[in-house]
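Not measured: the values here are computed from a predicted model.
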Amino acid sequence: MLKVLSVIGTRPEAIKMCPLIKEMEKNTSIQSVVCLTGQHREMLNQVIDIFKTNVNYNLDIMQPRQSLTMITSCILQKIESVYINEKPDLVLVHGDTTTSFVAALAAFYQKIPIGHVEAGLRTYDKYSPFPEEMNRTLTSKIAELHFAPTRNNCENLIKEGIKKDIYITGNTVIDAFSTTVKKNYIFKNSKLNDILADEKKVVLITAHRRENVEYGLKNICLAIKEISYAYPNLNFVYPVHPNPMVRNIVNEYLGGITNVYLLEPIDVEDMHNLLSRSYLVLTDSGGLQEEAPHFGIPVLVLRNETERPEAVKAGTVKVVGTNENNIVNEVKKLLEDSQEYKKMSKAINPYGDGNASQRIVRHILEWRKND
Ligand code: UD1
Ligand code: UDP
């Protein structure tokens, strides 16, 4: 039996790893062990509960206003004993968080092979997104197995000199919809039932990136404020990340506006069902850029670049930056021009068909056989 230890730290890692863990649990050739670093607390637990994922370890490292150094050193120190205790045949990490990179580094120190899920995304700007671009680049250097969601991701890895064990699998985030998305869904957050009953179109907003907190979030909020005043017939729903630095800015500029609903983070079931019923998404999140195209919801990316060019090429995602006027103009263009909206609102699936987890499990088992 192959012992696979999956390490998860934050909300998006959990959303994208839980379907894979479920798939491994079904397979009699695999023993699945799960370690949470607890880089996130409430937002991580929300996801684990919904997917009913079995957890074996929780390092519980989260501290308010944690620095990158704090996250890195706490995980590095605490995870070593888990690896020594479990002696897994393979450690799986996901994406580009500090949990992913540090869990991979600690596994490398124990000479345990590493599988990287969602490998090969790049902007080639090491400060944007920060620190994610460096986290994922370094993780690629350490990993043995690279599960690339798209061909473009695979090509990035080849360009960097990785010669073998790259598998194109699709993104497991699409797999998650089979657990979360439901017809006639009743939201657990009752505010969302009220907002949707209103029958006004919903603009869904999320913004939390470290580089935006430092520079762009104030502009993003000012743009949303202007748009919300210009369009009282729309509802703006913004589940706000609990990071105090994000909250302070968002509350200062967007608090108290009648058609802007600032909510606590909503759980992933509420989120995916809200997304599928939204008219437009404004976000700096990575995951939402992959999810919204599946439902044909246009996305304006509140960043200067993206590591997810596939949906941009397909025309459903547009990078608009963090300049206030630019955001306002791009949103107005979409709201005023029905042709423009129609062009962006095609349902496309560049990120997968919902079977990425199955493919990853198959590749892991083949790798083991040939090893
Ligand atoms: C982290 C990831 C980022 C990912 C994001 C997803 C790193 C460096 N960053 O950023 O790549 O896009 O998660 O959301 O790995 N907090 C809570 N409760 C929670 C979670 C966070 O209170 O459940 C607060 C804490 O005060 C914490 C702060 O948010 O210190 C920031 O959390 P952190 O994980 O350091 O950064 P994120 O911005 O969430
Ligand atoms: N999400 C959620 N509740 C929220 C906001 C986001 O469940 O209140 C989901 C969203 O649908 C996506 C994921 O969290 O699946 C994205 O995570 P986040 O924006 O935190 O991180 P990123 O994708 O930017 O790394």
Side-chain angles (χ1 to χ4, degrees), residues 1-9 12-37 48 51-57 79 82-83 85-97 99-121 136 138-151 153-154 156-158 162-176 178-179 351-371:
M1 225 189 188
L2 185 77
K3 188 189 270 194
V4 181
L5 197 162
S6 304
V7 185
I8 304 173
E13 292 164 78
I15 293 170
K16 293 167 165 182
M17 286 296 280
C18 287
L20 173 56
I21 291 165
K22 213 181 232 178
E23 199 59 36
M24 291 194 287
E25 283 173 349
K26 283 197 290 191
N27 195 299
T28 50
S29 305
I30 294 180
Q31 181 191 352
S32 166
V33 180
V34 174
C35 174
L36 307 182
T37 64
I48 297 295
F51 284 89
K52 301 187 178 62
T53 301
N54 295 313
V55 172
N56 305 86
Y57 298 88
I79 207 163
V82 177
Y83 290 160
N85 196 24
E86 290 292 337
K87 297 187 180 44
D89 300 298
L90 180 69
V91 163
L92 286 182
V93 300
H94 179 278
D96 55 19
T97 67
T99 283
S100 320
F101 165 57
V102 178
L105 181 64
F108 167 69
Y109 288 162
Q110 299 301 317
K111 299 196 174 133
I112 304 167
I114 295 134
H116 187 199
V117 180
E118 200 179 272
L121 283 67
R136 59 194 171 212
L138 295 171
T139 304
S140 293
K141 290 278 173 219
I142 307 176
E144 268 74 18
L145 301 178
H146 311 265
F147 302 108
T150 68
R151 177 154 301 281
N153 304 147
C154 167
N156 288 340
L157 294 170
I158 292 170
I162 294 171
K163 293 196 176 63
K164 61 180 196 116
D165 293 323
I166 309 175
Y167 308 97
I168 300 173
T169 58
N171 197 309
T172 54
V173 76
I174 309 296
D175 307 12
S178 61
T179 301
Y351 300 109
D353 58 2
N355 297 315
S357 304
Q358 278 177 27
R359 288 191 194 96
I360 294 172
V361 168
R362 204 178 64 230
H363 293 310
I364 290 174
L365 292 172
E366 279 165 10
W367 163 77
R368 166 59 173 250
K369 226 170 34 195
N370 301 330
D371 199 26

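Nearest heavy atom pair, residue Ile48 against residue Cys18, reads CD1-SG, 4.1 Å. In terms of heavy atoms, Glu13 sits closest to Gly9 at OE1-N, 3.1 Å. Ile360 and Thr169 get closest at one heavy-atom pair: CG1-CG2, 3.7 Å.
Side-chain contact between Pro149 and Val173 is absent, with no heavy-atom pair separated by less than 4.5 Å. Contact of the Ser140 side chain with the Leu157 side chain is registered, since non-hydrogen atoms from C-beta on lie closer than 4.5 Å. Here the side chains of Lys87 and Lys3 are not in contact, with every heavy-atom distance at 4.5 Å or above. Ile21 is not listed as a side-chain neighbour of Phe51, based on a closest heavy-atom distance of 4.5 Å or more. Counting heavy atoms from C-beta on, the side chains of Tyr109 and Ile79 never come closer than 4.5 Å. By the 4.5 Å heavy-atom criterion applied to side chains, Asn171 and Glu118 are counted as neighbours. Inter-residue side-chain proximity for Leu145 and Leu90 is flagged as met; some heavy-atom pair is nearer than 4.5 Å. The closest side-chain heavy-atom distance from Val33 to Pro88 is not below 4.5 Å.
For Gln31 (side chain) and Leu2 (main-chain N/O), no donor-acceptor pair under 3.5 Å exists by modelled atom type. Under a 3.5 Å cut-off, the side chain of Thr172 and the backbone N or O of Lys16 do form a donor-acceptor pair. A distance-only check finds a donor-acceptor pair linking the side chain of Asp175 to the backbone of Ser357 [under 3.5 Å]. Distance alone, capped at 3.5 Å, places no donor-acceptor pair between the Asn56 side chain and the Cys35 backbone. The backbone N or O of Phe147 lies less than 3.5 Å from no partner atom in the side chain of His116, so there is not a single donor-acceptor pair. The main-chain N or O of Ala103 is found under 3.5 Å from a side-chain atom of Tyr83 such that the two form a donor-acceptor pair.
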Q: Report the C-alpha distance between Arg359 and Asp353 in whole Å, list the side-chain angles of each, state the deciding distance to 0.1 Å, and finish with yes or no for side-chain contact (heavy atoms from CB on, under 4.5 Å).
A: CA-CA 11 Å; Arg359 288 191 194 96; Asp353 58 2; 2.5 Å; yes
Q: Please lay out, stage by stage, how Thr139 and Ser100 fare under the test side-chain hydrogen bond (donor to acceptor under 3.5 Å, both in side chains).
A: CA-CA 7 Å; Thr139 304; Ser100 320; over 6 Å; no
(Q) Let's go through Asn156 and Leu121 carefully: what are the C-alpha distance in whole Å and the side-chain angles of both, what is the deciding distance for side-chain contact (heavy atoms from CB on, under 4.5 Å) to 0.1 Å, and is it a yes or a no? (A) CA-CA 7 Å; Asn156 288 340; Leu121 283 67; 6.0 Å; no
Q.
Could you go through Leu5 and Ile112, starting from their C-alpha distance and side-chain angles, then the distance that decides it, and tell me whether this counts as side-chain contact (heavy atoms from CB on, under 4.5 Å)?
A. CA-CA 10 Å; Leu5 197 162; Ile112 304 167; over 6 Å; no
Q) Would Thr53 and Ile8 satisfy side-chain contact (heavy atoms from CB on, under 4.5 Å), going step by step from the backbone distance to the final call? A) CA-CA 11 Å; Thr53 301; Ile8 304 173; 5.5 Å; no
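Between Lys26 and Glu23 there is a salt bridge, since at least one side-chain N of the basic residue sits less than 4.0 Å from a carboxylate O of the acidic one.
Judged as a side chain to side chain contact (heavy atoms under 4.5 Å, CB included), and not counting sequence neighbours, the contacts of Ile30 are Val4, Met24, Asn27, Val361, Leu365.
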